Amino acid sequence: MKSAKIFFIVIVLIFTTALTTRAQYLNPGDGVRITFFNISDKVSGDYYIQQDGNIQLPYLGLIPTKNRPYTEIKSEIIEKYDSLYINPELTVQPLYKINILGEVKAPGYYYVTDVEKMTGIFAIAGGTTASADLGDIYIIRDEKEIDLNGQELIESGKTMGDIGLQSGDRIYVPRTWWADAASITIILSVISVIATVAILFLK
């Protein structure tokens, strides 16, 4: 009986730890996207977290976000607007500031929501180049690399929320090995031509 109780406690602790690990947090520079479907007031829009950790929302004032999981912030926003309007229909989405790098046409910093799909991520960055290796992309987070199969994510239609995207993540799209091989071949061909011309001049 005692061993069964210990086993149950261990399972609860593991489950609680998993939930805590998956909890999403917003940092200064991130934001929320609020969309009202049945309210004429100009409330819908993107709102960003200030350096002090607060976010200013229409008719609600400042909402603190520091050291609070996103789910808690979302619940507070919805509850406060629910008390302000009669049966409001709205969605609240996180806006994560991430860096998209590598073989995309317009690498840089972008804001993405947790409902964004991999195709949307690539589209935001101008699309991928012809040399992109979609099967071997990865997320760089706190100097750690998280491997992803971009092709499978595209085919499955999984969202950024499904893969656990976090604020500050860097998504890197590498080059295919044959693209690098082609570049080396071109360089070697140029060197060969230069060497041939040099030999002709030396004769």
Side-chain angles (χ1 to χ4, degrees), residues 12-100 104 106-127 137 139-142 146 148 150 152-171:
V12 170
L13 286 174
I14 292 173
F15 182 71
T16 304
T17 303
L19 286 179
T20 304
T21 302
R22 288 183 59 84
Q24 302 293 307
Y25 289 85
L26 298 176
N27 298 313
D30 294 332
V32 294
R33 174 170 294 166
I34 298 175
T35 306
F36 273 94
F37 299 99
N38 62 342
I39 300 297
S40 59
D41 290 348
K42 294 182 179 179
V43 180
S44 297
D46 296 345
Y47 302 93
Y48 300 95
I49 299 172
Q50 303 164 12
Q51 289 303 311
D52 61 4
N54 293 315
I55 187 167
Q56 180 90 34
L57 297 179
Y59 307 114
L60 300 187
L62 295 177
I63 301 291
T65 67
K66 192 174 182 179
N67 299 324
R68 299 178 67 193
Y70 165 70
T71 51
E72 183 180 313
I73 299 167
K74 177 180 178 179
S75 295
E76 180 178 350
I77 293 172
I78 292 175
E79 286 174 8
K80 288 191 172 182
Y81 276 123
D82 190 55
S83 65
L84 187 64
Y85 295 105
I86 299 175
N87 299 322
E89 295 178 10
L90 76 156
T91 60
V92 180
Q93 297 169 322
L95 283 175
Y96 298 121
K97 187 178 182 180
I98 66 168
N99 196 0
I100 306 175
V104 290
Y109 287 94
Y110 296 94
Y111 286 98
V112 300
T113 70
D114 59 348
V115 298
E116 213 80 60
K117 296 182 179 180
M118 189 55 68
T119 50
I121 293 292
F122 293 148
I124 289 171
I137 67 176
I139 291 175
I140 304 171
R141 179 185 299 159
D142 297 329
I146 302 170
L148 298 172
E152 288 184 0
L153 291 174
I154 290 173
E155 292 171 0
S156 66
K158 287 186 176 179
T159 66
M160 293 298 100
D162 293 330
I163 67 173
L165 189 72
Q166 294 184 16
S167 169
D169 280 351
R170 290 168 284 170
I171 297 179

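Small disclaimer: the values here were computed from a predicted structure and weren't measured.
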Contacts of Lys158 that satisfy side chain to side chain contact (heavy atoms under 4.5 Å, CB included) - sequence neighbours left out: Leu153, Ser156, Asp162
First locate atom CE of Met160, then atom CD1 of Ile171, and finally report the distance between them rounded to the nearest 0.5 Å. 5.5 Å
If the condition is side-chain hydrogen bond (donor to acceptor under 3.5 Å, both in side chains), which residues does Arg33 pass it with, not counting sequence neighbours? Asp46
Those residues that, when tested against Asp169, pass side-chain hydrogen bond (donor to acceptor under 3.5 Å, both in side chains) (two or more places apart): Arg141
Arg170 side chain reached by Ile139 side chain, heavy atoms, under 4.5 Å: no
How would you list, by chain and number, every residue that makes a side chain to side chain contact (heavy atoms under 4.5 Å, CB included) with Ile154, sequence neighbours excluded? Met118, Thr119, Phe122, Leu134
Does OH in Tyr109 sit with more than 12 non-hydrogen atoms of other residues, nucleotides or ligands closer than 6.0 Å? no
Which pairs of donor and acceptor atoms, one on a side chain in residues 53-62, lie under 3.5 Å apart (sequence neighbours left out)?
residue : atom : partner : partner atom : Å
Asn54   : ND2  : Asp52   : OD2          : 3.4

Can Ile121 and Ile98 be said to form a side chain to side chain contact (heavy atoms under 4.5 Å, CB included), step by step? CA-CA 10 Å; Ile121 293 292; Ile98 66 168; 4.3 Å; yes
Quick one: side-chain hydrogen bond (donor to acceptor under 3.5 Å, both in side chains) partners of Lys80, sequence neighbours excluded? Glu76
Those residues at least two apart in sequence (or on a different chain) that pass side-chain hydrogen bond (donor to acceptor under 3.5 Å, both in side chains) with Ser167 are Asn27, Asp30
Kindly check if the number of other-residue, nucleotide or ligand heavy atoms within 6.0 Å of CG (Asp142) is above 12? no
Test: salt bridge (Lys or Arg N to Asp or Glu O under 4.0 Å). Region: residues 106-123. Which pairs qualify, not counting sequence neighbours? none
Determine, stepwise, if the pair Lys74 / Leu26 fulfils side chain to side chain contact (heavy atoms under 4.5 Å, CB included). CA-CA 11 Å; Lys74 177 180 178 179; Leu26 298 176; over 6 Å; no
With sequence neighbours excluded, give me every side chain to side chain donor-acceptor pair (under 3.5 Å) pair touching residues 81-95. Asp41-Tyr85
Once side chain to side chain contact (heavy atoms under 4.5 Å, CB included) is applied, do any residues pair with Tyr111, and if so which ones, sequence neighbours excluded? Tyr48, Leu95, Lys97
Is any side-chain heavy atom of Leu90 closer than 4.5 Å to one of Ile39? no
Could you pull out the closest heavy-atom pair between Gly108 and Asn99, with the gap in Å? O-OD1, 3.0 Å
